[in-house]
There are 2 protein chains.
Amino acid sequence: MELSNYSKIFKALSNEQRLKIFMMIYKNCCSPEGAKIGSEFLLKEESCCGIKGGIDRAFSKICDCMSLSRSTISHHFKELQNAGLITCEREGQTYRCWVNKEAISAIREFLE
Amino acid sequence: MELSNYSKIFKALSNEQRLKIFMMIYKNCCSPEGAKIGSEFLLKEESCCGIKGGIDRAFSKICDCMSLSRSTISHHFKELQNAGLITCEREGQTYRCWVNKEAISAIREFLE
DNA sequence: TCGATAGTTCCATGGTTATAGAATAGTCTA
DNA sequence: TAGACTATTCTATAACCATGGAACTATCGA
């Protein structure tokens, strides 16, 4: 991975609102069973990852936890996807989202 | 550490040139003895960390490796310091710089 | 104390980003 | 198929960022 890819990832996480969105997805879908999620990242609506993993209706759930317009939140989702940090898959009218763990480990290794 | 501190750190690393500066300091002062430093982060002038650790004349050395004005590089140094990623100490006419390892481990734990 | 060297600060500028309202498009259900 | 719902895209705007030239400050050595 090139330096510019890393800076792209860091840029995606450089906005506080976007970082919060990312952490809500991350903590609610990637925390080990039984781990407590800090209140700032806890989704109001309980998140049932189900068999497929990820978070269903992620966009809606996050909109309910933030005081930003849906338009703005949509842009932020796009940025996170472009940076390769999350993946979203259509599920009817809504989206299911995952954090790409490879991206996380890439950063961790970069800062080794 | 608050969410806004993390986003500040990520912002400091979000510019490719600034990330390169950071990595040059990081790799040249924090790499384990004998580890090979990738060419993109290697300083032209050999870096003798000496007893005090860190990199002496860091600003000058980095200016010699980048095609940015000194003014711009100075701004970038300031950003990295404000984010708590590096510390600079005057040494006569020049500066000695370190990477703050606590900042690095904070990020790594944040992305645990 | 003068000149050289190292780095900062001031200022201007072109480009990018965060934000939201309005219009639009895709999908579900009755 | 009409209406409701979910999310995206278009458009605009104010704020912020990256950059460099010029002037400045601090320190060193002669």
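We name chains A, B, ... by the order of the sequence lines, and we start the count at 1 in each one. When reading the values below, keep in mind they use all heavy atoms of this one structure, side chains included, and skip hydrogens, waters and symmetry mates.
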Nearest heavy atoms of Lys44(B) and Cys65(B), plus distance in Å: N-SG, 3.4 Å
By side chain to side chain donor-acceptor pair (under 3.5 Å) - contacts of Thr72(B) (at least two apart): Ser69(B)
Results of side chain to side chain donor-acceptor pair (under 3.5 Å) for Asp64(A) - residues two or more places apart only: none
Residues in side chain to side chain donor-acceptor pair (under 3.5 Å) contact with His76(A), at least two apart in sequence or another chain: Arg18(A)
Residue mapping more 5' on DNA chain C - nearest nucleotide basis, His75(B) or Thr94(B): Thr94(B)
Show me the protein contacts with nucleotides 13-18 of chain C, counting only N or O atoms at under 3.5 Å.
{"residue": "dA18(C)", "atom": "OP1", "partner": "Arg18(A)", "partner atom": "NH1", "Å": "3.4"}
{"residue": "dA18(C)", "atom": "OP1", "partner": "Arg18(A)", "partner atom": "NH2", "Å": "3.0"}
{"residue": "dA18(C)", "atom": "OP2", "partner": "Arg18(A)", "partner atom": "NH1", "Å": "3.0"}

Any residue meeting side chain to side chain donor-acceptor pair (under 3.5 Å) with Thr87(A), in chain and number order, not counting sequence neighbours: Asn100(A)
Contacts of type salt bridge (charged side-chain N to carboxylate O under 4.0 Å, His left out), residue Glu2(B), not counting sequence neighbours: none
Side-chain N or O of Lys78(B) closer than 4.0 Å to phosphate OP1/OP2 of dT9(C): yes
Heavy-atom contact window of chain B on DNA chain D, given 5' to 3' at under 4.0 Å: dC17(D) to dC28(D)
Sugar-phosphate, base or nothing in reach of Ser74(A), heavy atoms under 4.0 Å: base
Residues that Ser31(B) engages under side-chain contact (heavy atoms from CB on, under 4.5 Å), provided they are two or more places apart: Lys27(B), Ala35(B), Ile37(B)
Any residue meeting side-chain contact (heavy atoms from CB on, under 4.5 Å) with Cys88(B), in chain and number order, not counting sequence neighbours: Phe77(B), Gln81(B), Ile86(B), Tyr95(B), Cys97(B)
Nucleic acid footprint by protein, nucleotides 22-30 of chain C - heavy-atom cut-off 4.0 Å, B for base, S for sugar-phosphate alone: ----BBS--
Pairs satisfying side-chain hydrogen bond (donor to acceptor under 3.5 Å, both in side chains), at least one member in residues 4-17 of chain B, at least two apart: none
Difference in axis direction between the ends of the helix from dT1(C)-dA30(D) to dA30(C)-dT1(D), five pairs, 10°: 30°
